[in-house]
Amino acid sequence: MALIVQKYGGTSVGSTERIGAVADKVIKWREQGNDVVVVVSAMSGETNRLLELANAISARPVPRELDVLLSTGEQVTIALLSMALEERGCAARSYTGSQVHIRTDSAHNKARIREIDDQRINADLAKGRVVVVAGFQGVDEEGNITTLGRGGSDTTAVALAAALKADECQIYTDVDGVYTTDPRVVPEARRLTRITFEEMLEMASLGSKVLQIRSVSFAGRYNVPLRVLSSFEEGEGTLITYEDEEMEQALISGIAFNRDEAKLTVVGVPDTPGVAHQLLGPVADANIEVDMIVQNVAPDGATTDFTFTVHRNDYARALEILQRIASELGARQVSGDDRIVKVSLVGVGMRSHAGIASTMFGALAKEGVNIRMISTSEIKISVVVDEKYLELAVRSLHEAFELDQPPEIKS
Ligand code: ASP
Ligand code: MG
């Protein structure tokens with residue numbers, strides 16, 4: 001008998017009909033002899049509605065009270081789902097995060113889970129009940145309600161799966177798995193049957209918003225097999241696990257991209273110790289996240305150029321900061337571009353293969369796509385290109401690496 005933790009997202013529980021369909025699904029898993037713990041999100045749109053209410057009262061709502069408010073969304077769905085299960089003759093119990101002691105730190109609105117008491121859940125499972133737990137919420141040391149940040153129900157599910165030593169954590173959502181890239185950009189994009197935690201982290205952080213990133217790293221840390229699947233269609237979805245010897249290893253698993261990028265360049269800064277810190281320190285202090293950083297060699301032996309990327313929303317602020325520091329440092333010029341995007345090839349297979357980068361650059365050259373920046377890591381190669389080339393770049397790479405073909409039938 002297996003223990004499965006299932007998480008249903010907002011659209012999957014977006015109406016009473018859909019909650020009924022979720023109940024049917026849960027019962028199917030039960031009838032196949034599994035113990036089931038279900039984590040649910042708030043009904044779709046509900047968390048946003050609550051946020052709007054709070055913002056109508058205050059431009060900066062008190063974080064503690066915001067958590068009390070936001071946690072109600074999930075409380076509605078746990079009750080409705082448990083009723084739907086009982087209505088169908090399936091014993092069920094709903095619990096809020098604090099009732100099952102999902103202990104977090106006290107960082108309201110972005111709390112982190114510290115520990116979970118599995119006693120109550122295990123006792124219910126032993127009585128043959130389905131246990132329904134509110135996602136996205138916990139309780140701190142002092143008994144205050146906390147929430148885990150947007151999309152936090154994924155993390156609740158993974159944390160519960162880890163605490164209960166579940167056999168699998170299934171994330172039901174409105175897509176049927178993780179794709180080689182966004183099917184809206186490349187219609188030939190293929191659903192992956194498996195992907196490693198590492199690859200998924202790269203895909204997620206690069207903009208394939210299927211799962212909350214934190215939940216993926218959590219699952220990796222505790223080795224919880226994670227499966228993404230559709231709540232609306234049958235299918236095996238995508239399994240996220242550790243690399244497996246027997247796994248037919250694709251060279252490249254997918255292409256991720258990020259539209260909301262901007263880059264900034266400081267030209268002609270003195271090439272002396274401490275300059276990178278002087279430039280980037282104030283940017284970090286302003287809470288602006290910096291992604292790719294490139295420092296050029298100093299061609300004249302005296303000055304060098306710095307380029308880095310930030311989220312597009314932070315562009316104006318970063319530019320302002322740089323202009324101030326550049327004049328203090330006596331740099332020649334600050335320039336920027338907020339019409340750029342980042343496209344990345346991701347694959348653990350590239351560790352053991354040469355020539356991936358050159359194939360990538362060749363494919364882009366053939367289409368006349370100019371590469372503005374390049375950065376690499378062990379399992380990823382990213383390029384920055386002009387925004388207008390995004391679709392073309394992603395499509396040509398998808399084709400060049402034959403990602404529409406399953407790895408088995410590739411020679
Ligand atoms: N309801 C929360 C949100 O909309 C948490 C979640 O759905 O995972 O962000
Ligand atoms: Mg979600």
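Atoms within a ligand are numbered from 1 in the order they appear, just like the ligands themselves.
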>> Any nitrogen or oxygen of Lys7, side chain or backbone, less than 3.5 Å from one on ligand 1?
In response: no
For Arg150, the atoms of ligand 1 under 4.0 Å from one of its heavy atoms are 3 (C), 4 (O), 9 (O)
Near Ser153 (heavy-atom distance under 4.0 Å), the atoms of ligand 1 are 5 (C), 6 (C), 7 (O), 8 (O)
If we only consider heavy atoms of Gly10, is any one of them less than 4.0 Å away from an atom in ligand 1? no
Which of Thr156, Asp154, Thr155 passes side chain to side chain donor-acceptor pair (under 3.5 Å) with Gln212? It is Thr155
Measure from NZ or CZ of Arg221 to the centre of the six-membered ring of Phe218, then state whether that distance is under 6.0 Å and the direction lies within 45° of the axis. yes
Note: ligand 1 atoms sitting under 4.0 Å from heavy atoms of Ser41 are 6 (C), 7 (O), 8 (O)
Applying side chain to side chain donor-acceptor pair (under 3.5 Å) to Arg191 and not counting sequence neighbours gives none
Here the salt bridge (Lys or Arg N to Asp or Glu O under 4.0 Å) pairs for residues 88-105, sequence neighbours left out, are Asp24-Arg88
- For the residue pair Phe197 and Tyr242, does the interplanar ring angle fall in the parallel (under 30°), tilted (30 to 60°) or perpendicular (over 60°) class? perpendicular
Exercise for the section: Decide, yes or no, whether a salt bridge links Lys165 with Asp118 under the criterion of side-chain N to carboxylate O below 4.0 Å. Expected result: no
Check your understanding: Should Glu74 be counted as touching ligand 1, given the test is an N or O pair under 3.5 Å?
Key -> yes
At under 4.0 Å between heavy atoms, what of Glu46 touches ligand 1? The answer is neither
Review point. Can you tell me if Gly151 has a non-hydrogen atom under 4.0 Å from ligand 1?
Key: yes
